[in-house]
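Report on one structure; see the data block that follows.
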Amino acid sequence: MQEENPMGLGLSTGGTGGGDIQPYINYDAKAGRMFRVDRAQGGDGTWHTDKVEITNTVQMVMDLANIRVGWINYTTQGPVRRLVTLGKEPIPPRPDDKNAEGKPAFKQGFEVQLLLDKNSGGGVPRVFGSAAGCVIEAMDALHDAFSAAPESKAGKLPIVKIASVQPVKSGQSTNYKPSFAIVNWMDRPAPLAGEAAAVASPSTAPSTGSTIVPPPTVAPQPAPLADANSFG
């Protein structure tokens, strides 16, 4: 039995369509790349999804004060969530659902609301979530840094970038672990209301690596540090 490693988010990394859908970003752990996922309606009324890579340039203000944790099942119809706001409710028991292989369908995961800087697309609030162990570890380290900072105790939110991406081997597979860094702080922007909003499921699940995407070939390049004027 694989040892589990409880973390500050209350999670562990071991062991076992319509236009009203909230926009989201996706981190592909098998490729070490982050994408802005946009949906648009064509002239015939049908919706399509566009993915724009933002790995090397993205800076985002994250509502880590209201990060949601619990259980996520990424299905072909979209993610099914059993999440609670960290520190405000106990994490619920893992649902009993099984996948086609008879294994638990729900994995520990998180979701957090954010705003992208203008250079990465800006716009309305988006959601970022994952059930990949290496991404949970990275988010846990980021949340620890947020919680320890005096700015968080003053009600400010962090502006975050991807500082690096490192390969992590597990058996025959390789994932790419992001390292998130806080580059600045700002007052809570109006679009991030302060209470984690209910999140509608995307009509299709975020990429889980079934589509082969090349791993990153260069480290993220420095970008001008974002501030409050970089959002909205």
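Keep in mind that the numbers below use all heavy atoms, side chains included, and drop hydrogens, waters and symmetry copies. As the structure is a prediction and not an experimental result, all values here were calculated from the model.
Atom CE of M62 is separated from atom CZ of F146 by 11.5 Å, given to the nearest 0.5 angstrom. Expressed to the nearest 0.5 Å, how far CG of N99 lies from CZ of F106 amounts to 11.5 Å. Here the straight-line distance linking atom CZ of F180 with atom CG of D140 works out to 12.0 Å at 0.5 Å rounding. To the nearest 0.5 Å, atom CD of residue E89 and atom CG of residue L83 are 10.5 Å apart. In this structure, S230 OG and L116 CG are separated by 12.0 Å, a value rounded to the nearest 0.5 Å. Y74 contributes atom OH, which lies 10.0 Å from atom NZ of K107 (distance to the nearest 0.5 angstrom).
At least one donor-acceptor pair under 3.5 Å links the side chain of K118 to the backbone N or O of N229. Put simply, the side chain of T85 never gets that close to the backbone of N66: no donor and acceptor are under 3.5 Å apart. In this structure, the side chain of D117 engages the main chain of Q59 through a donor-acceptor pair within 3.5 Å.
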Test side chain to side chain contact (heavy atoms under 4.5 Å, CB included) on I159 and I182; report intermediate values, then the result.
CA-CA 6 Å; I159 298 173; I182 297 173; over 6 Å; no

Audit row: M139, I67, side chain to side chain contact (heavy atoms under 4.5 Å, CB included) steps and yes/no:
CA-CA 10 Å; M139 181 56 65; I67 189 170; 3.8 Å; yes

Decide yes or no on side chain to side chain contact (heavy atoms under 4.5 Å, CB included) for D187 and K156, but give the supporting numbers first.
CA-CA 5 Å; D187 293 333; K156 293 184 179 293; 2.6 Å; yes

Stepwise, does the side chain to side chain contact (heavy atoms under 4.5 Å, CB included) test hold for H143 with L86?
CA-CA 11 Å; H143 189 268; L86 180 65; 3.5 Å; yes

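When each of H48, R126, K51 is paired with D38, the side-chain hydrogen bond (donor to acceptor under 3.5 Å, both in side chains) condition holds for R126 and for no other. For the salt bridge (Lys or Arg N to Asp or Glu O under 4.0 Å) test with E111, the passing option among R68, R82, R81 is R81; the others fail.
In summary, the aromatic rings of Y27 and F35 are positioned with their centroids too far apart to meet the 6.0 Å limit.
Shown here for R39 and W47, the closest heavy-atom pair between the two residues is NH2-CB, 3.1 Å. Contact record, I136 with Q108: CD1-O, 3.3 Å, taken as the closest heavy-atom pair. In plain terms, the two heavy atoms of A149 and W185 that are nearest each other are CB-CZ2, 3.4 Å. Of all non-hydrogen atoms in C134 and Y176, the two that sit nearest each other are SG-O, 3.8 Å. Smallest separation of non-hydrogen atoms from P178 and A138: O-CB, 3.0 Å. Taking each heavy atom of Q22 and P125 in turn, the nearest pair found is NE2-O, 3.6 Å.
The existence of a salt bridge linking D63 and R188 is confirmed by a sub-4.0 Å separation between a basic side-chain nitrogen and an acidic carboxylate oxygen.
Inter-residue side-chain proximity for M60 and F128 is flagged as unmet; no heavy-atom pair is nearer than 4.5 Å. The shortest distance between side-chain heavy atoms of S179 and V165 does not fall below 4.5 Å. Counting heavy atoms from C-beta on, the side chains of N119 and T57 never come closer than 4.5 Å. Residues P158 and E151 have side chains not in contact (no heavy-atom distance under 4.5 Å, counting atoms from C-beta outward). Inter-residue side-chain proximity for L142 and V160 is flagged as met; some heavy-atom pair is nearer than 4.5 Å. At a threshold of 4.5 Å between non-hydrogen side-chain atoms, the residues P23 and V124 count as touching.
Legend: residues meeting side chain to side chain contact (heavy atoms under 4.5 Å, CB included) with P189, ordered by chain and number and at least two apart, are V61, L115, L157, M186, P191, L192.
Donor-acceptor pairing under 3.5 Å is lacking for the side chains of N73 and T75. Inspection of the T174 and K169 side chains reveals an N or O donor paired with an N or O acceptor under 3.5 Å. In the model, S147 has no side-chain atom that pairs as donor or acceptor with a side-chain atom of D144 under 3.5 Å.
By the neighbour-count criterion of 12 heavy atoms within 6.0 Å, atom CG of D50 is densely surrounded, having more than that number from other residues, nucleotides or ligands.
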